[in-house]
**Student:** 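Dropping a structure here in structure tokens format, bear with me for questions.
Everything numeric here is computed off the predicted structure, so don't read it as measured data.
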Amino acid sequence: MKKIVYFTLLLTIICSSSCKKALLDENDPGKLSTANYFTKVADATSALYGAYVASREAFYKTYAWDGASDMMYSRISGRPYSYGPTSSFGSGLSRHWNDLYRSVNRANYVIENTRGMLAKETVAANIDELHRVEGEAMFLRAITYFRLIDLWGDVPYYENILNGNAEAYSLTKTSKATIKDKIIADLDLAATYVPITVIKSEQGRATRAAIIGYRGKIKLYWACWAKNAGNTAEATTNYNGAAADFAEIMKPAYGRSLYNAGLPGSAIAPSYGELFDGAHEDQAYASEIIFAFTNGGPNFGASDGQSDQFYGDTYLYDFGTRSTGAGGVNVAPTMRLVNRYQLLSTGGFAPPVVPLNPGSAADARTRTNSALNPESYAGRDYRLQATVMWDGTTINEILADGTVTSRVLTFQFKTTAPTPPFMFSEGAVTGYLYRKYIRQISGYARESGPQDSWMMRLADVYLMYAEAVNEVSGPTAECFDLVDKIRKRGNLPPLDRSVFATKSAFFDAIEQERIVELAAEGSRFFDLRRWNKVEETWPQPNGYTAVDTWNIFIRDEFKNAIARDFQRFYIMQIPGTEILNNPKLTQNEPWL
């Protein structure tokens, strides 16, 4: 496992914090005197690993955010998985708010104490390593504040170790523009401190590519927000800045390339699937991964009373069924996602699948375009096979202890038979299951897997770069080439450049690739919001009525919604307890 995970056990003695009863609970420096700690470089590095763990918790289960989009059904709590239009949308994020500020606290603790060490250090090698620690902590703080302003807009901002709850509850909101400028400045400095590459044992530590990549992402989002507000000049400046950052980390010096050179593999074993199977992590890190949070796998936590699940991935638990690792099917693909996977023959969309109930349609499993007919999914983008399971697809059985058996199970919606040849699929909800993240390697129980959580991949960088350039200059030959590289991994033909020659048409191609390439990676919810496309996705008055593959009603989404329902999708509710504790905080307007 990675070194970062090994050091998670230091959380009980490093950056210790009081109980999480309050949003801005500070790290309690009195628990560990800096006179006795932060005396050597290794102390600072260990404290940094504690900050990484806090950030890992803050960005835990990043895939769950897709549940508030149009492409995933989710029942994971602690994320806005309800589509609305209910008064509760966005109001269940107190834990996320708390975790984000805990991440800020840990980073501040490391930065302040490391700077204290730097003021006294004279050895050049030690100075370089301490600056690296400082730079990585600044990076963690920056991406945390970025998430805060993305969800809540203006929020409390501070860079110091807080002096108790009295100071915490005296903080007022800082404008998101000011916070953006501060975190960009932090990333500018951090990029000068952090190396381009890391050794294998340090996988999971931020590299310069991660810092510059997130700097570009922040500029891209800011450009989108400025464009939505009608600030064209500011938008253009930030689109150009984002493009420059993405172009930088695409340079050969950073050593990044698409996994397996972007080759598609085969229809039944797409290379794309290997990025998420837990068995090809090292190859992914060596090529495509820009930044990730590490998951340790089994046998972590026993010495400090924590359960193994805290340190392992949770993919089998949330994505799997009782037949694949004793999972709970807490997330499932929607029919809208499935319909996004294009045909190999034309590169365009197939006819939408038709949901049919076998009880009322005798030919439901054989009719052309039926959602229950396996042939309806033939000849499509290889990434469909790597991401989704539909009626008739197969997978090896995975026991509760993580053992992958030789039994080949067939998925058939609404089948509850616990023995082969069918898999137990109760809870599938939409009629589809995810194959993505369902590892086919033995040895890892459902919440003890080693698959790291990819936060930014090169494919995402390609698409963000193409988006930024397109907004300023329209589609360029380079942008087409980058999108085609991503399409190639699905074995799709290149885009027809005459069809996608306009800015709006090329944007549609970018959106399409982001949907299928980044499915279940937590991007879609944030994309919809920064593009101001929520109302377009769920047009009024009917919104969208979701059904499963048997044409059975699941739910109405944004039906008869009013303007405030959509406003609440764009900005979240500040936790009520925080406003009660700190009268200087004001609630966001759509939630008044």
Side-chain angles (χ1 to χ4, degrees), residues 1-8 10 38 40-56 59 103 106-107 110-111 113-115 117-118 121-144 146 183-219 244-259 281-294 452-458 460-461 465:
M1 296 301 111
K2 294 81 168 172
K3 184 182 291 187
I4 287 177
V5 177
Y6 282 135
F7 276 89
T8 58
L10 294 173
F38 283 101
K40 54 186 182 295
V41 172
D43 295 343
T45 305
S46 297
L48 173 67
Y49 290 152
Y52 270 104
V53 174
S55 295
R56 174 190 181 273
F59 291 91
S103 177
R106 290 275 173 83
V110 174
I111 293 167
N113 284 294
T114 300
R115 286 174 177 170
M117 294 179 68
L118 278 163
E121 184 59 65
T122 59
V123 178
N126 289 346
I127 290 172
D128 288 344
E129 184 58 30
L130 288 171
H131 273 313
R132 180 186 177 188
V133 168
E134 178 189 9
E136 289 180 55
M138 292 166 69
F139 165 75
L140 295 175
R141 184 173 68 185
I143 65 173
T144 303
F146 174 43
I183 62 180
I184 291 292
D186 276 354
L187 294 175
D188 289 343
L189 182 58
T192 69
Y193 291 158
V194 174
I196 289 179
T197 60
V198 298
I199 59 177
K200 181 178 177 181
S201 63
E202 294 179 341
Q203 284 176 354
R205 291 186 68 170
T207 63
R208 194 177 305 167
I211 291 169
I212 296 174
Y214 268 92
R215 188 175 68 187
K217 184 173 182 176
I218 294 167
K219 292 175 184 176
D245 281 339
F246 298 137
E248 173 65 22
I249 61 176
M250 290 191 293
K251 291 178 179 178
Y254 291 84
R256 297 303 195 277
S257 61
L258 293 180
Y259 177 81
E281 259 189 15
D282 288 344
Q283 297 96 311
Y285 269 113
S287 57
E288 183 158 341
I289 304 309
I290 304 296
F291 182 63
F293 283 113
T294 59
D452 286 350
S453 300
W454 307 142
M455 301 300 294
M456 185 181 288
R457 297 190 282 114
L458 183 63
D460 187 9
V461 169
Y465 174 79

**Student:** Apply side-chain contact (heavy atoms from CB on, under 4.5 Å) to residues E281 and I289 and explain how you reach the verdict.
**Tutor:** CA-CA 9 Å; E281 259 189 15; I289 304 309; over 6 Å; no
**Student:** Could you check if a side-chain atom of D43 sits within less than 4.5 angstrom of a side-chain atom of K40, using non-hydrogen atoms only?
**Tutor:**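 Sidechains of K40 and D43: in contact.
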**Student:** Say whether, by atom type as modelled, one donor and one acceptor occur between the side chain of R457 and the main chain of I290 under 3.5 angstrom.
**Tutor:** no
**Student:** Which pair of heavy atoms, one from D452 and one from A292, lies closest together, and at what distance?
**Tutor:** CB-CB, 4.4 Å
**Student:** Testing the basics here: between A191 and R208, what is the closest heavy-atom pair and its distance to 0.1 Å?
**Tutor:** O-NE, 3.2 Å
**Student:** With heavy-atom distances below 4.5 Å as the criterion, would you say the side chains of T207 and R256 are in contact?
**Tutor:** yes
**Student:** On a heavy-atom basis, which atom in S55 and which in S103 lie closest, and how many Å separate them?
**Tutor:**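 Closest pair (atom of S55, atom of S103, distance): OG-OG, 2.8 Å.
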**Student:** For F146 and K217, what are the C-alpha separation, side-chain angles and deciding distance, and is it a side-chain contact (heavy atoms from CB on, under 4.5 Å)?
**Tutor:** CA-CA 10 Å; F146 174 43; K217 184 173 182 176; 4.2 Å; yes
**Student:** Test T144 against F59 for side-chain contact (heavy atoms from CB on, under 4.5 Å), laying out the working first.
**Tutor:** CA-CA 9 Å; T144 303; F59 291 91; 4.1 Å; yes
**Student:** Main chain of D188, side chain of T192: is a donor-acceptor contact present, judged purely on distance under 3.5 Å?
**Tutor:** no
**Student:** Locate the shortest heavy-atom distance separating A284 from W454; write the atom from each residue and the value.
**Tutor:** CB-CZ2, 3.8 Å
**Student:** In terms of relative ring orientation, are Y52 and Y49 parallel, tilted or perpendicular, with 30° and 60° separating the classes?
**Tutor:**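 Ring orientation of Y52 relative to Y49: tilted.
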**Student:** L458 versus Y259: any side-chain heavy-atom pair under 4.5 Å?
**Tutor:**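 The answer is no; the side chains never approach within 4.5 Å.
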**Student:** Tell me the closest heavy-atom pair linking E136 and A206, and the distance in Å.
**Tutor:** OE1-N, 3.8 Å
**Student:** Is E202 salt-bridged to R132, going by a charged N under 4.0 Å from an acidic O?
**Tutor:** yes
**Student:** With D460, which residues qualify under side chain to side chain contact (heavy atoms under 4.5 Å, CB included), at least two apart?
**Tutor:** M456, M464, R514, L518
**Student:** On a heavy-atom basis, which atom in G204 and which in T294 lie closest, and how many Å separate them?
**Tutor:**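 The pair with the smallest heavy-atom distance is CA-CG2, 3.6 Å.
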**Student:** Output all residues satisfying side chain to side chain contact (heavy atoms under 4.5 Å, CB included) with Y193, sequence neighbours left out; order by chain, then residue number.
**Tutor:**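 H131, E134, L189.
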**Student:** Quick one: list whatever passes side chain to side chain contact (heavy atoms under 4.5 Å, CB included) with A44, sequence neighbours left out.
**Tutor:** F38, T114, M117, L130, V133
**Student:** Is R205 close to V194 at the side-chain level, that is, under 4.5 Å between some pair of heavy atoms?
**Tutor:**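 Sidechains of R205 and V194: no contact.
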**Student:** So which of I184, I143, D245 actually passes side-chain contact (heavy atoms from CB on, under 4.5 Å) with Y214?
**Tutor:** I143
